[in-house]
Amino acid sequence: MDELSYKPNLIEAEAQSWWTKNQSFKALETSDREKFYCLCMFPYPSGRLHMGHVRNYTIGDVVSRYQRMKGKNVMQPMGWDAFGLPAEGAAIKHGLAPSEWTRENIAYMRSQLQRLGFAYDWDRELATCDKDYYHWEQWFFTRLFKQGIAYKKLAVVNWDPVDQTVLANEQVIDGKGWRSGAEVERREIPQWFLRITDYAPELLEKLDDLDWPESVKTMQKNWIGKSEGLEINFSVKDSPQVLTVYTTRPDTLLGVSYMAVSAEHPLAKAAAENNSKLEFFIEESKKNSVSEAIIETIEKEGMSLGINAIHPITGNEVPIWVANFVLAGYGTGAIMAVPAHDQRDFEFANKYGLPINQVIVPFDESQICDLDSEAFISKGILINSGKYNGLDFSSAFDQIAEDLELEGKAIRKINYRLRDWLISRQRYWGTPIPIIETHDGEIKAVKDEDLPVQLPENVELDGSGSPLNHISDFLEISDSETGERLKRETDTFDTFMESSWYYARFCCPDSHTAMLDNRASYWLPVDLYIGGVEHAILHLLYARFFHKLLRDNGLVVSDEPFKKLLTQGMVLKDGGKMSKSLGNTVDPEELIQQYGADTVRLFIMFASPPEQSLEWSDEGVKGSFRFLNRLWDRVITHISEGQVRGINLSEENLGNRQKEFRRQIHKTIEKVSDDIGRRYTFNTAIAAVMELVNYTSRYKTKDSIDRELVQEALENAVLLLSPIVPHICHQLWFLLGNTNAVIEENWPTSDSNVTTAESVTIVIQVNGKLRAKIIFPAGANRELIESTAASDGKVKKFINGKKIKKTIFVEDKLVNFVI
RNA sequence: GCCCGGGUGGCGAAAUUGGUAGACGCAACGGACUUAAAAUCCGUUGACCUUAUGGUCGUGCGGGUUCAAGUCCCGCCCCGGGCACCA
């Protein structure tokens, strides 16, 4: 074995112990440099790292190390999103307590992260299942409870009648419980909510200020779903009840031909009492999952309730139906149906032979309106609408709203699609909700001095019922002062609660006297947040909401938690998502053992830009390993020819060939700095360094100036690659004769005098087709270029004596003759 | 069903502001080195036509705008993500 060959395992251990010994990644608030908080979405400790983790954390590490070299005071922390459903499943399967399973996983995955050489400040590590963490979440919740932001109401859940437990949507497979196989029912139970809808306007408006991908901002905007409409009350015939609906299209009000309510609606319940067919239909509808994706794709079915609503304008009777696609938790749980101008209402009306009343016509004939085949959903001019005929959308909206408001039959309303956040879960492995119930049913927050409410950890799970309900020590307590018998809330928090504020706790994870202290004001907001695009809506919206709650309670000073967001794509293998069930996973650990962490990091950053999905390739990994070997050999060969130092590379000392080499070096610095610093396109940054290394390898060294140029090229290649492959660069930097570690070096800057090209290639087109390329001195004037181009043999041939109608000229780029 | 992305050689991709399509890498093929293989190094590599110079076509499909379209507009097809209890 060659003493001088590339041995990744050896040099990676050496580099890592150097960083540890020098506490290179410890982040302090006392620095006078500008702060940079770089955060990757923390992992759920599922057992082992997968490639998605490696990709996510490598991106964060590259940016952190780059920003550090740019002189920033960088904090990059890591922790564990440790509560969640899989731990309960694993506990049942392996007979292990969820806490034990989780903590073993954390220990193993921590060692895997360390082996990858990520620049984390491990002193800030936290796990959400630690009582020091959830203590403050409970403390904050009791404030929200007292402020009325947390409240209780009925909500629909998936209920497994055999296991007597609530199921997650994921646990419902083809309408059956995943363990019991029993047909799942929808059931209404009391649940805790947070009033996120109170913050809907701000959550919407502040999106504009964020440096986030437009697609994510659009998704959040649509999710919040602001609409302006009318809430209209229909009276019910022969009944004191009122049927309230919300519509954004009051201009179509005269086209209403039926009403539809959800299976949970009071009118449906009442009508079913003396109608067994209806009762059966409603029971069947309730067997559908609560998942919107499922409800929206099932066969649309309905049944008449046998009662009528009274149209608020015409006074006509309109039949009321129950329909399986009307969502109980959305709007008023009831709709007015206008089949002529809504596609879903149209299909339902056709299926059940309900009337289709056209009340809108297009503005002009260019629009197609064929009510035999589909609804006409565009806005237009009103017809068949009595005194409103001839009005357009906005005047019809105003007129109808005004008239109905006068009669007290409607109010204008801004509505949001966003619903309040359901935060309680009927599960064991989560943060206990710090609420107690007195014997007379009063609900009270647990007092500060009694926090945290600790989750009992040594429990046995069997998959049925609620475990906390069976632990009497937990469930039944007595008041420390009065001795009154009290009962604890046994629900736990949605795990999105923990992930909604961990980014803030990383600023001061050791604070025992407060949830957050002024260190949070120093570090927040997060400068760059990186994670999977699958979190584009829920996690990122909840975290934004929680941040505003923290702000309104004086705990943080910023309005938004994440200044810039980078959403990484998925890691695929053979075109599909890597998953255990498909058996196409690649274990990062095996690859690290075989090639070292740097090779894995390099491949994963080179294979595609971060936002795109990444196709895994074992051959590609080998290619990355080959490149690192070439780079290593190149440096070894260079230094074995002896040290070069202090030779003046200023322009007057260089020949043309040397000037061009130096130009390549500085063009590479310029490109890589832009790719990493601005564009986040690490793949093209790596390609640029590869080109420089290839150029250097081909470059024949004839004198000491050449050797100094090779030194400059290799040093810069090492500096530019050091955020991506930090271990090999740590070693190569010393080998190149430097005494400081590369991590302590500044990011290189390119010299614009060197990068300015003396000549440019101008593309010559005839009618937009490439016909010639001619080299001109940079900045050559238009006349010269055009006359030279026109007399070029090939160009002449294509102009072929025809008249030039027009000449397009783009400086330093192209000439296009239009003939 | 609704919302948001994506589709470029045999493969991963590049083309940053409408201006040279395919940088860089993988695979493949040919050559050098070697007893041989591996490794390494050098070369070729979008398709078709052509002896060659060269030419024609080509960025999911069909239209359009423009001197010029992978890039902009309209209509489709396919794939992926999310849809509120997976994280």
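This is a predicted model, so every value here is computed, not measured. Numbers restart at 1 for each chain; the letters A, B, ... are given by sequence-line order, proteins then strands.
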For [N], give its Watson-Crick or G-U wobble partner with both distances under 3.5 Å, or none.
{"N": "G70(B)", "result": "none"}
{"N": "G22(B)", "result": "none"}
{"N": "G1(B)", "result": "C83(B)"}

Under 4.0 Å between any heavy atoms, over every strand shown, what does [X] touch: base, sugar-phosphate, or nothing? Just pick one.
{"X": "W421(A)", "result": "nothing"}
{"X": "H539(A)", "result": "nothing"}
{"X": "F493(A)", "result": "nothing"}
{"X": "Q220(A)", "result": "nothing"}
{"X": "V166(A)", "result": "base"}

Can you identify which nucleotide, out of [options], has its nearest atom closest to the [X] side chain?
{"X": "E615(A)", "options": "C4(B), A87(B), G12(B)", "answer": "G12(B)"}
{"X": "L422(A)", "options": "C85(B), U56(B), G5(B)", "answer": "C85(B)"}
{"X": "E534(A)", "options": "G81(B), C4(B), C83(B)", "answer": "G81(B)"}
{"X": "M570(A)", "options": "G81(B), A14(B), C85(B)", "answer": "G81(B)"}
{"X": "Q765(A)", "options": "C83(B), A13(B), G19(B)", "answer": "G19(B)"}

Rounded [atom1] spacing from [N] to [M] in Å:
{"N": "A27(B)", "M": "U40(B)", "atom1": "P", "value": "10 Å"}
{"N": "C74(B)", "M": "U65(B)", "atom1": "P", "value": "15 Å"}
{"N": "C57(B)", "M": "A21(B)", "atom1": "P", "value": "12 Å"}
{"N": "G22(B)", "M": "G70(B)", "atom1": "P", "value": "12 Å"}

* Take atom CD1 of I604(A) and atom C1' of G12(B), then tell me their distance rounded to the nearest Å. => 13 Å
* Structure fact -> To the nearest angstrom, the NE2-C1' distance between H535(A) and G81(B) comes to 11 Å
Any N/O donor-acceptor pair, [X] side-chain to [N] base, under 3.5 Å:
{"X": "Q426(A)", "N": "C85(B)", "value": "yes"}
{"X": "N816(A)", "N": "C67(B)", "value": "yes"}
{"X": "R678(A)", "N": "U16(B)", "value": "yes"}
{"X": "K671(A)", "N": "U16(B)", "value": "yes"}

* Does K217(A) NZ have over 12 foreign heavy atoms under 6.0 Å away? -> yes
* Does K622(A) come within less than 4.0 Å of E619(A), counting only side-chain N to carboxylate O? -> yes
